[in-house]
Amino acid sequence: MTDLQAAKALVLDYYAELDLALASHADIGAVIAEHTGTDYRWRGMHPWYEQSGAAAVADEFWRPLSESLAALQRRQDVFLAGANDVDGGASTWVASMGHLMGLFDHRWLGIPPTGKMLFVRYAEFHRVHGGAIAETALFCDVISVMQQAGHYPLPPQTGAAFIHPGPLTHDGLLFDPQDPVESAKTMAVVNQMIGDLDESNRIAEATGDDRVPPEELAKTWHEDMIWYGPAGIGSSYTMLRYQQQHQYPFRLNLTEKVFNGHVARIAEGTYGGFFGWSNLTNTPMGGFLGMPGNEVRADMRVVDIYRREGEKLAENWVFIDLLHWLSMQGLDVLRRMRENLPGAGGP
């Protein structure tokens, strides 16, 4: 528990100094270097991918973002730490989720500014080792940014589109030590949910029916669950609507699904989460995201953050690097948008 508190204190100090540098346009790279190891590894979504060292992370991600969003501020909804269940607790990770908010005054990734408030939905995992941040995985919802700016790049999504709220209970910022018994309960439920899904996949492969019965989900999910999905898919409320609006479109329109595992999976108190690089590989048959099918195997890099209530999961915030998944199939939606903007020489 002491190690977790020390890890959380390090990340909170990093955020305080980084956010100040972002807002004041100070030396962002120096702040990152002060809190990270010499071999700092950073993973980001399309189009950033993997970066090495503080200077590269500052130049490729943080500085362009701070130059595009004036008065940038971090609005955390969930903050937790835990021993990594993937490696038997050998590594310690700290996770943060929420929004980066600012005034969208200058282009970002080629997306035209609106001059209005913009929310960049994010989830970030940090591995803390030797008193420094050794590696980071940062997921943010770029398609949501395009959507807010009026440049949504895909057919209509199956779930609802809105700025995602934090937990219903408003208790997701775990700055203080948490009961390890509660942490173990959360990890057990998350692992049971993963195991149930694996079993459903085996049954589907044997029977050819990819529809998971509601009673299977009910083993680990509350009936009034909320699933906050990425832009392109959207969000769903209640177990049955989640199945109708996401689970069945996902399972029935993607084939040859392979689970590749997680890099980190942690739990603290009634919260937990994981990410993979990549979690899943699949082949689109047509219909998912309203897109046509093909025979290209494509990877999905995914983050899940959970809130447990009682014995079951109640809320789930999900990030999927859909831009990367689409780019592997030959569709770069950011490039297509830039080429088709007025004055860009496109149609």
Side-chain angles (χ1 to χ4, degrees), residues 1-22 26-45 48-63 65 74 76 78-98 100 122-140 172-180 183-184 186-187 190 260-269 271-279 301 303-305 319:
M1 188 176 298
T2 302
D3 290 341
L4 294 187
Q5 289 304 109
K8 287 191 282 188
L10 170 67
V11 173
L12 288 174
D13 182 63
Y14 167 59
Y15 281 167
E17 295 192 28
L18 175 63
D19 294 352
L20 181 61
L22 292 171
D27 192 339
I28 299 168
V31 171
I32 298 174
E34 181 183 349
H35 293 84
T36 58
T38 55
D39 298 322
Y40 180 48
R41 179 185 184 187
W42 188 90
R43 297 178 175 96
M45 300 175 71
W48 302 284
Y49 294 95
E50 298 193 35
Q51 304 293 329
S52 297
V57 175
D59 291 342
E60 293 297 322
F61 183 79
W62 286 113
R63 187 170 293 109
L65 179 66
R74 182 185 307 271
Q76 289 193 101
V78 175
F79 182 81
L80 72 151
N84 189 1
D85 191 59
V86 174
D87 59 17
S91 59
T92 298
W93 290 77
V94 179
S96 171
M97 186 200 77
L100 299 166
Y122 82 91
E124 196 167 26
F125 282 72
H126 303 281
R127 180 171 66 85
V128 174
H129 178 74
I133 298 171
E135 61 180 299
T136 296
L138 174 60
F139 287 67
C140 59
L173 299 176
L174 308 185
F175 299 141
D176 297 324
Q178 303 297 306
D179 184 349
S183 304
T186 302
M187 184 60 72
V190 170
N260 302 317
H262 299 138
V263 174
R265 187 168 61 249
I266 62 174
E268 187 180 22
Y271 289 83
F274 57 70
F275 83 93
W277 196 263
S278 63
N279 309 47
R301 298 163 173 169
V303 164
D304 279 74
I305 301 293
F319 298 73

Aromatic ring pairing Tyr15/Phe79, orientation class (parallel under 30°, perpendicular over 60°, tilted between): perpendicular

Distance, nearest 0.5 Å, that separates CH2 of Trp42 from CD of Glu135: 13.0 Å

Tyr122 six-ring face occupied by Arg74 cation (under 6.0 Å, within 45°): yes

Parallel, tilted or perpendicular, as decided by the 30° and 60° cut-offs, for the rings of Tyr14 and His35: tilted

Straight-line distance of Asp304 CG to Asn279 CG, nearest 0.5 Å: 7.5 Å

Closest contact, heavy atoms only, Ser183 versus Ala267: O-CB, 3.6 Å

Least distance between heavy atoms, Glu268 atom then Leu174 atom: O-CD1, 3.2 Å

Validation row: Trp62, Val31 side chains within 4.5 angstrom (heavy atoms): no

Verdict with supporting geometry, Trp93 and Val263, side-chain contact (heavy atoms from CB on, under 4.5 Å): CA-CA 10 Å; Trp93 290 77; Val263 174; 4.2 Å; yes

Separation between CE of Met97 and CG of Leu173, rounded to the nearest 0.5 Å: 9.5 Å

Nearest-0.5 Å distance that lies between atom OG1 in Thr36 and atom NE2 in His129: 14.0 Å

OH-CZ distance between Tyr49 and Arg301, expressed to the nearest 0.5 angstrom: 6.0 Å

Point-to-point distance, once rounded to the nearest 0.5 Å, from CD1 of Ile32 to CG of Leu18: 6.0 Å

Sidechain-backbone polar pair: Glu60 side chain, Ala55 backbone, donor-acceptor under 3.5 Å: no

Heavy-atom closest pair, residues Ala81 and Val94: CB-CG2, 3.9 Å

Stepwise side-chain contact (heavy atoms from CB on, under 4.5 Å) test for Val57 and Trp48: CA-CA 9 Å; Val57 175; Trp48 302 284; over 6 Å; no

Test item: side-chain donor near acceptor, Gln76 and Ser96, under 3.5 Å: yes

Heavy-atom closest contact (Ala95 atom, Ile266 atom, distance): CB-CD1, 4.1 Å

Test side-chain contact (heavy atoms from CB on, under 4.5 Å) applied to Tyr271 and Thr186, step by step: CA-CA 7 Å; Tyr271 289 83; Thr186 302; 5.8 Å; no

Check: Trp277 ring centroid to Phe125 ring centroid under 6.0 Å: no

Minimal non-hydrogen separation, Gly29 against Ala54, with atom names: O-CB, 3.7 Å

Minimum heavy-atom distance between Ala7 and Thr92, given as atom pair plus value: CB-CG2, 4.0 Å

